[in-house]
S.K.: 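Right, I'll just put the structure down here and ask away after.
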Amino acid sequence: MSLITPRTLKGFRDHLPESMLQREQLIDKVRSVFQSYGFSPIDTPALEYEEILLGKGGEETDKQIYAFEDHGGRRVGLRFDLTVPLARFSAQHIGALGTPLKRYQIANVWRGENTQKGRYREFAQCDFDTIGTKSMVADIETALVIHDLLVALGCEDFKIHVNNRKILTGLLASLGIEDQTVPILRCLDKLAKVGIKDMTTEMLTIDRVDEAAVASLLTLTEIRGSIADIFKSTRRIVTNNALFTAGLDELEELIHGLIVAGVPESRIHLDLSIARGLDYYTGNIFETFLEALPAIGSVCSGGRYDQLAETYTKTELPGVGASLGIDRLLAAMQEIGVLKPMQMGAEIFVVFFDPDRRDDYIRMTRQLRLAGLRVEMYSDPKKIGQQLKYANRRGHRFALIAGSNELDQGHCQVKDLNTGDADNVSLHDGFGTLVDTLKEKLSAL
RNA sequence: GUGGCUGUAGCUCAGUUGGUUAGAGCGCCGGAUUGUGGUUCCGGAGGUCGGGGGUUCGAGCCCCCUCAGCCACCCCA
């Protein structure tokens with residue numbers, strides 16, 4: 001019989017125990033941050049009707065959606081993000097749930113794009129959103145969650161880049177070229193990478209964009225100084241456009257709120273050139289970069305999207321939220337080397353010493369677990385040295401060694417695998433003394 | 001999706017201008033007088049050289065295709 005080569009698809013990965021433990025630990029922290037802000041968990045199907053998914057994020061994202069026909073002839077697609085399914089979910093259930101709806105969802109999404117480090121075709125997003133309010137308080141809290149998430153995950157050096165879609169849209173409207181917003185945004189996004197000269201050249205190839213327009217755009221992105229100075233200078237660029245002014249007001253209110261909440265100003269970066277490719281954003285937008293590894297891209301992005309649900313319902317459902325890319329963040333943290341090695345095994349290891357005493361070990365292991373300890377019993381009565389070697393490698397803290405000698409005398413050896421010290425503990429009262437001793441030793445670590 | 005670089009044991013890599021049974025270190029498994037690991041010594045297993053096809057008397061080394069990883073564009077978590 002010929003063997004099938006075991007392999008995984010491009011951009012799809014297996015998760016081994018070591019990195020999965022890290023991942024689950026990070027996700028636990030993410031959950032507790034979400035819950036500390038009053039967000040509740042929901043889940044939605046991986047597969048949606050294609051029509052739900054298409055046309056929400058823009059042309060590029062449509063091309064990246066895994067779409068196919070199911071066995072019933074329905075056009076379906078794997079979700080590209082968690083925000084669009086949320087819009088559908090909200091339109092369907094908001095009557096039962098009421099507003100504002102604060103929910104989070106940690107789940108996989110799929111994108112058929114080319115891979116790179118920290119860019120996969122299947123990856124998990126930790127998405128949180130507030131639906132049903134236009135209040136800037138929701139925007140402020142969104143940014144605060146982003147901030148607290150990164151701190152909780154052990155990242156201290158990061159910057160949250162903030163901007164507001166209305167500023168640029170308003171500026172373009174005042175120039176009469178708002179219908180060119182998408183290509184202009186795309187071009188502007190490259191500023192940091194290609195420089196002013198190349199960007200200008202490309203900008204001028206866009207229909208109806210002249211040098212005066214480019215000059216205005218550059219003025220906007222080139223403003224430097226303190227946050228207050230930036231706002232003051234920016235306001236002077238366009239004075240006759242309500243959208244532009246509204247965008248600035250919203251952004252200013254957002255930043256003000258963050259400062260009031262105690263976020264260090266060094267972690268906020270007012271970046272009028274960030275655009276965000278997703279078409280559905282309408283107001284404040286966020287991108288988060290790690291100082292140590294900006295090249296891996298944004299690890300947590302989002303923004304306000306006030307019209308996303310309008311294709312599903314006539315009820316007005318404005319929303320704001322963001323997504324933490326846990327896989328990308330994990331890749332970044334591994335790259336930077338900030339992750340501490342984790343203990344893989346249970347804390348207690350029971351040596352399968354004497355084959356004739358198997359039942360005693362099973363009983364002992366079981367009783368310790370019932371007492372709340374994490375215990376692993378070795379599966380084969382191999383030589384004790386080998387078992388200890390295994391226990392050591394797996395990171396168990398204490399080994400319980402009990403051959404016929406110990407068991408006949410009614411005690412058990414407790415060996416500290418870090419120091420090598422071993423104590424005899426009585427088993428005369430069942431396992432009570434053993435449990436107490438182990439708990440004492442563990443809490444003393 | 002487009003372009004560039006890479007692909008040899010679990011991991012990190014050697015492999016001379018194509019030439020007999022493809023190597024090292026680490027790891028893994030086992031042993032060093034009967035029941036104690038993380039240091040030492042000895043031994044062992046493990047590779048269709050990413051996969052497929054071609055050129056050749058002969059290919060890990062050359063050519064084509066394909067798959068995957070990394071990088072850039074694009075886009076994004």
Side-chain angles (χ1 to χ4, degrees), chain A residues 2-13 16 30 57-64 80-83 106-127 146 149 182-183 185-187 189-190 193-194 198 202 274-279 281 285-290 295-302 322-332 335 349 351-355 357 378 380-407 413-422:
Chain A
S2 68
L3 291 174
I4 295 165
T5 308
R7 55 187 187 150
T8 51
L9 286 163
K10 181 185 178 75
F12 290 71
R13 314 103 79 234
L16 272 52
V30 169
E59 258 177 65
E60 279 302 317
T61 57
D62 280 1
K63 276 192 270 176
Q64 295 179 3
F80 170 91
D81 65 8
L82 298 175
T83 309
I106 298 169
N108 280 347
V109 300
W110 294 268
R111 298 184 184 179
E113 66 177 332
N114 234 335
T115 57
Q116 236 173 75
K117 185 176 285 296
R119 306 183 58 162
Y120 313 105
R121 290 182 171 174
E122 175 183 65
F123 60 94
Q125 287 195 324
C126 306
D127 201 270
I146 294 176
L149 279 173
V182 174
L185 275 177
R186 193 166 296 162
C187 186
D189 218 25
K190 292 183 196 165
K193 277 180 196 166
V194 303
D198 288 354
E202 190 181 329
I274 63 160
R276 301 278 311 142
L278 263 43
D279 285 353
Y281 291 109
I285 50 183
F286 316 96
E287 289 197 7
T288 313
F289 295 90
L290 300 179
I296 205 158
S298 172
V299 293
C300 189
S301 305
S323 264
L324 177 78
I326 197 78
D327 291 292
R328 174 174 289 184
L329 185 65
L330 194 61
E335 183 88 0
F349 181 84
V351 174
F352 187 175
F353 200 142
D354 185 338
R357 298 300 197 127
Y378 201 72
D380 301 85
K382 283 209 257 186
K383 288 175 63 173
I384 185 166
Q386 287 166 34
Q387 294 193 43
L388 288 176
K389 189 176 173 186
Y390 169 87
N392 182 250
R393 192 172 66 231
R394 289 279 307 276
H396 296 275
R397 295 311 313 273
F398 294 99
L400 302 187
I401 304 168
S404 296
N405 292 350
E406 285 86 352
L407 290 173
Q413 203 182 119
V414 175
K415 185 176 177 109
D416 185 321
L417 289 169
N418 279 3
T419 64
D421 299 337

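Letters go in sequence order (proteins before strands), and every chain restarts at 1. Only heavy atoms go into these numbers, but all of them, side chains included; no hydrogens, no water, no symmetry mates.
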S.K.: How many angstroms lie between CZ in A:Phe12 and OH in A:Tyr120, if you round to the nearest 0.5 Å?
M.R.: 13.5 Å
S.K.: Would you check if the side chain of A:Gln64 reaches a backbone N or O of A:Phe80 as a donor-acceptor pair within less than 3.5 Å?
M.R.: no
S.K.: At 4.0 Å (heavy atoms only), tell me whether A:Asn418 reaches a base, stays on the sugar-phosphate, or touches nothing.
M.R.: base
S.K.: Determine the Euclidean distance between corresponding P atoms of B:G18 and B:A59; express it in Å to zero decimal places.
M.R.: 13 Å
S.K.: Answer yes or no: does atom CZ of A:Arg13 have more than 12 heavy-atom neighbours from other residues, nucleotides or ligands under 6.0 Å?
M.R.: yes
S.K.: Of the non-hydrogen atoms in A:Lys415 and A:Gly420, which two are nearest, and what is the gap between them?
M.R.: NZ-O, 3.7 Å
S.K.: With rounding to whole Å, what would you report as the distance between B:U39 and B:G27 at their P atoms?
M.R.: 8 Å
S.K.: How close or far is atom C1' of B:G35 from atom CG of A:Leu407, stated in whole angstroms?
M.R.: 13 Å
S.K.: Tell me the closest heavy-atom pair linking A:Ser404 and A:Arg357, and the distance in Å.
M.R.: OG-NE, 3.9 Å
S.K.: Nearest-Å distance, OH (A:Tyr281) to P (B:C76)?
M.R.: 10 Å
S.K.: Can you check the A:Ile296 CD1 to B:A77 P distance for me, whole Å?
M.R.: 14 Å
S.K.: Can you check whether A:Phe123 stacks with the B:A77 base, using ring centres under 5.5 Å and planes within 30°?
M.R.: yes
S.K.: Using only modelled atom types and a 3.5 angstrom limit, is any donor from either the side chain of A:Arg7 or the base of B:C67 paired with an acceptor on the other?
M.R.: no
S.K.: Provide a list of protein-nucleic acid N or O atom pairs under 3.5 angstrom, restricted to nucleotides 68-71 of chain B.
M.R.:
{"unit_1": "B:A68", "atom_1": "OP1", "unit_2": "A:Lys10", "atom_2": "N", "d": "3.1"}
{"unit_1": "B:G69", "atom_1": "OP1", "unit_2": "A:Gly11", "atom_2": "N", "d": "3.0"}
{"unit_1": "B:C71", "atom_1": "OP2", "unit_2": "A:Lys117", "atom_2": "N", "d": "2.6"}

S.K.: Base, sugar-phosphate, or nothing for A:Gln387, non-hydrogen atoms under 4.0 angstrom?
M.R.: nothing
S.K.: Select base, sugar-phosphate, or nothing to describe what A:Glu122 touches, counting heavy atoms under 4.0 Å on all strands.
M.R.: nothing
S.K.: To the nearest 0.5 Å, what is the distance between OG on A:Ser301 and CD1 on A:Ile285?
M.R.: 9.5 Å
S.K.: Give the ring-plane orientation class for A:His396 versus A:Phe349, where under 30° counts as parallel, over 60° as perpendicular and anything between as tilted.
M.R.: tilted
S.K.: If each of A:Gly112 and A:Glu60 is mapped to the nucleotide of RNA chain B with the nearest heavy atom, which maps nearer the 5' terminus, i.e. the 5' end?
M.R.: A:Gly112
S.K.: Is any side-chain N of the basic residue among A:Arg111 and A:Asp81 closer than 4.0 Å to the acidic one's carboxylate O?
M.R.: no
S.K.: How far, in whole Å, is B:A9 from B:G15 if one measures between their P atoms?
M.R.: 15 Å
S.K.: Using atom C1' of each nucleotide, how far apart are B:C28 and B:G54 to the nearest Å?
M.R.: 39 Å
S.K.: Is there a donor and acceptor pair, one atom on the side chain of A:Glu113 and one on the base of B:A77, closer than 3.5 Å?
M.R.: yes
S.K.: Between A:Asp421 (side chain) and A:Asp416 (backbone), is there a donor-acceptor pair under 3.5 Å?
M.R.: no
S.K.: Answer yes or no: is there a donor N or O on one side and an acceptor on the other, between the side chain of A:Gln387 and the main chain of A:Phe352, under 3.5 Å?
M.R.: yes
S.K.: Let me know the distance between CZ of A:Arg357 and C1' of B:G35, rounded to the nearest Å.
M.R.: 14 Å
S.K.: For A:Glu59 and B:C74, what is the distance between atoms CD and C1' respectively, to the nearest whole Å?
M.R.: 13 Å
S.K.: What distance separates A:Leu329 CG from A:Leu149 CG, expressed to the nearest 0.5 Å?
M.R.: 9.5 Å
S.K.: State whether A:Arg121 and A:Glu113 are salt-bridged, where the test is any N-O pair (Lys NZ or Arg NE/NH1/NH2 against Asp/Glu carboxylate O) under 4.0 Å.
M.R.: no
S.K.: Contact class for A:Ile326 (heavy atom, under 4.0 Å): base, sugar-phosphate, or nothing?
M.R.: nothing
S.K.: What N/O pairs connect the protein and nucleotides 25-34 of chain B at under 3.5 Å? Give each pair on its own line.
M.R.:
{"unit_1": "B:C28", "atom_1": "OP1", "unit_2": "A:Arg393", "atom_2": "NH1", "d": "3.2"}
{"unit_1": "B:G30", "atom_1": "OP1", "unit_2": "A:Lys382", "atom_2": "NZ", "d": "3.1"}
{"unit_1": "B:G30", "atom_1": "OP1", "unit_2": "A:Gln386", "atom_2": "OE1", "d": "2.9"}
{"unit_1": "B:G31", "atom_1": "OP2", "unit_2": "A:Gln386", "atom_2": "NE2", "d": "2.5"}
{"unit_1": "B:A32", "atom_1": "OP2", "unit_2": "A:Lys383", "atom_2": "NZ", "d": "3.4"}

S.K.: Rounded to the nearest angstrom, tell me the gap between atom CG in A:Asp62 and atom P in B:C75.
M.R.: 15 Å
S.K.: Provide the distance between the two C1' atoms, one in B:G50 and one in B:C67, to the nearest whole Å.
M.R.: 7 Å
S.K.: According to the Watson-Crick and G-U wobble definition with distances under 3.5 Å, which dot-bracket string, read 5' to 3', encodes RNA chain B, using [ ] for crossing pairs and | for pairs with another strand?
M.R.: (((((((..((((.....[...)))).(((((.......))))).....(((((..]....))))))))))))....
S.K.: Give the intermediate values and the outcome of side chain to side chain contact (heavy atoms under 4.5 Å, CB included) for residues A:Ile401 and A:Phe353.
M.R.: CA-CA 7 Å; A:Ile401 304 168; A:Phe353 200 142; 3.7 Å; yes
S.K.: CG of A:Leu388 versus C1' of B:G38: gap in Å, rounded?
M.R.: 10 Å
S.K.: Quote, to the nearest angstrom, the P distance that separates B:C42 from B:A24.
M.R.: 14 Å
S.K.: Would you say A:Thr288's side chain and A:Ser298's backbone share a donor-acceptor pair under 3.5 angstrom?
M.R.: no
S.K.: With sugar-phosphate meaning primed atoms plus P, OP1 and OP2, does A:Gly297 contact a base, only sugar-phosphate, or nothing at under 4.0 Å between heavy atoms?
M.R.: nothing
S.K.: Could you pick out which residue, A:Cys300 or A:Ala295, lies toward the 5' side of RNA chain B when each is mapped onto its nearest nucleotide?
M.R.: A:Ala295
S.K.: Rounded to the nearest Å, what distance is computed from the NZ atom of residue A:Lys63 to the P atom of nucleotide B:U2?
M.R.: 12 Å
S.K.: How far does the P atom of B:G60 sit from the matching atom of B:G1, given to the nearest Å?
M.R.: 31 Å
S.K.: Say you pick atom P in B:G53 and the same atom in B:C13; how far apart are they, in whole Å?
M.R.: 29 Å
